[in-house]
Amino acid sequence: MNIYRANIIYTPSPDAFRILPGGYVCVREDGIIAGVYEQLPEQYRTAEVTDYGDRLLIPAFNDMHLHAPQYRNLGLAMDLELLPWLNTYTFPEESKFKDTAYAERIYHRFVHELWMQGTMRSCVFATVHPEATRMLADFFVQAGLGAKVGIVGMNRNCPDTLRNTAEEVVRDTRALKQYLDVHGNNGLVGTIVTPRFIPSCTEDMSAALGRLAEELQLPVQSHLSENRSEIDWVQSLEPDTACYGEAYYKYGLFGQRPTLMAHCCYTDGEELRLMKRQGVYVVHCPTSNSNIASGMAPVRMFLQHGIPVVLGSDISGGHYVSMLRIIQYAVQTSKLIYAQTQGKMPFLSLSEAFYLATKAGGGFFGKVGSFEEGYEFDALLVDDSYLNYDNYTLEQRIQRYIYIGDDRDIRVRFCRGKELTEPPMD
Ligand code: GUN
Ligand code: FE
């Protein structure tokens, strides 16, 4: 048993932070939490305790949508909307990942950055290239981080340098799964079925990926209703569907398996009903939605309907890897909607947004993202002494850390109970 003492802060439910000043978390050798306590129980009185003093211990972050091969474009190219942005900046960059030496250089830095920012689990789009994608998965394993890594399926409306066939994406996803079943660090790193979005995938490819998800019992990730031009395009490509979501549904890619759909800025009506019925997750990506001028996803409305919502950085549509910034943008975006609706749509509280980035996202990986008995111990030790120069309460300290803290304040990172050392950058 490993016992840690610190100021423990987490969100077992969205409505408030649970705060244990000088509390204890007991973690079994297999990385599972045995209990969280205000006072150390009698049975552990003689056990050794790692005392982190006045520091904060919080759940680590889960980034539920991002593009590893767009890492080099971070902070660049925000002058276009989605469709021209993809063609002008994104597809040319992703095409470079055929070259494994290039992929190695960028993917090492990418995984290092996730470690640095305290993102212990993520759902990642790679590219169509199987060698580079397997390398990315290996880097996650070597770093001790959790991830679901997807080989992207795309066979239309894309350059020849960034295209695979239905047969290839099925074969390569199957091979990646077989590889990670053996080498994926006891399930910490796995794969996920990843059609890029409807405009990138012919009917054959979408149907093949739907069948594959069912056969291999894999989850699914894609993009949905991000931008108005994209939605109009999908309508013309799939004229017999009532909404964009139904196009995925038709192919077994909309909740038949656990499914993450990024964006959903314009989801309503039939699509909303289908998402709710199918238990499809919305991945809210507020920085990306603002950068490429997509819109504002109606997160409060999704929550009111009981639709699961999680958060994503969507780099490089999004310009920050840090989930602290994504939490902050999620709150700020919800306040713009609040103002626009004359208060009819209540904005997100900070604890709600923190919950989305920890326990809600963690649910996609099992029992992850909270400090409760039976949960995997994914945690960050935060030294906020630089911010905490006056008599702030712990409630105020977590607020300040989320809004104005960053990775420099993170002292120790745990994923599934294991303290992670810094992975290589080059
Ligand atoms: N839709 C299809 N591909 C992409 C992508 O790479 N980024 C974003 N933001 N939306 C997409
Ligand atoms: Fe995306």
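Both counts, for ligands and for their atoms, begin at 1 and track the order of listing. Along the sequence shown, residues carry numbers from 1.
With 3.5 Å as the limit, one finds a donor-acceptor pair spanning the side chains of Y71 and E113. Side-chain atoms of D426 and H108 include no donor-acceptor pair closer than 3.5 Å. Remark: the S290 side chain and the Y329 side chain contain no N/O donor-acceptor pair separated by less than 3.5 Å.
The Fe ion (ligand 2) sits nearest to atom NE2 when only the N, O or S atoms of H65 are considered. Restricting D314 to its N/O/S atoms, the shortest distance to the Fe ion (ligand 2) is reached by OD1.
Heavy-atom proximity to F197, at under 4.0 Å, picks out these atoms of ligand 1: 1 (N), 2 (C). Numbered from 1 in the order shown, with element, the atoms of ligand 1 that lie under 4.0 Å from a heavy atom of H67 read 5 (C), 6 (O), 7 (N). Counting the atoms of ligand 1 from 1 in the order shown, those under 4.0 Å from a heavy atom of D314 are 8 (C), 9 (N). Taking a cut-off of under 4.0 Å to the non-hydrogen atoms of H263, the atoms of ligand 1 that pass are 9 (N).
Side-chain atoms of K359 come within 3.5 Å of backbone N or O of P12 as a donor-acceptor pair.
The Fe ion (ligand 2) does not have C285 among its coordinating residues (no N/O/S atom, backbone or side chain, under 2.8 Å). When distances to the Fe ion (ligand 2) are checked against a cut-off of 2.8 Å, H263 contributes no N, O or S atom below that limit. Residue contacts to the Fe ion (ligand 2): E226 brings no N, O or S atom closer than 2.8 Å.
At under 3.5 Å, a nitrogen or oxygen of E226, whether backbone or side chain, sits near a nitrogen or oxygen of ligand 1. Looking at R196 next to ligand 1, an N or O pair under 3.5 Å apart turns up. Inclusion of W85 in the set of residues having an N or O under 3.5 Å from an N or O of ligand 1 is not warranted.
Counting non-hydrogen atoms of neighbouring residues, nucleotides and ligands closer than 6.0 angstrom, the NZ atom of K418 reaches no more than 12 such neighbours.
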Side chain to side chain donor-acceptor pair (under 3.5 Å) assessment of T202 paired with D204: CA-CA 5 Å; T202 63; D204 280 0; 5.2 Å; no
Determine, stepwise, if the pair R211 / E214 fulfils salt bridge (Lys or Arg N to Asp or Glu O under 4.0 Å). CA-CA 5 Å; R211 284 194 302 271; E214 171 62 28; over 6 Å; no
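For E230, the heavy-atom gap to ligand 1 stays at 4.0 angstrom or more.
H67 contributes NE2 and H223 contributes NE2; the angle these two atoms make at the Fe ion (ligand 2) is 100°, rounded to 10°.
At a threshold of 4.0 Å, the pair R174-E215 counts as salt-bridged, since one of the basic side-chain nitrogens sits closer than that to a carboxylate oxygen.
Between E271 and E246 the shortest side-chain heavy-atom distance does not fall below 4.5 Å.
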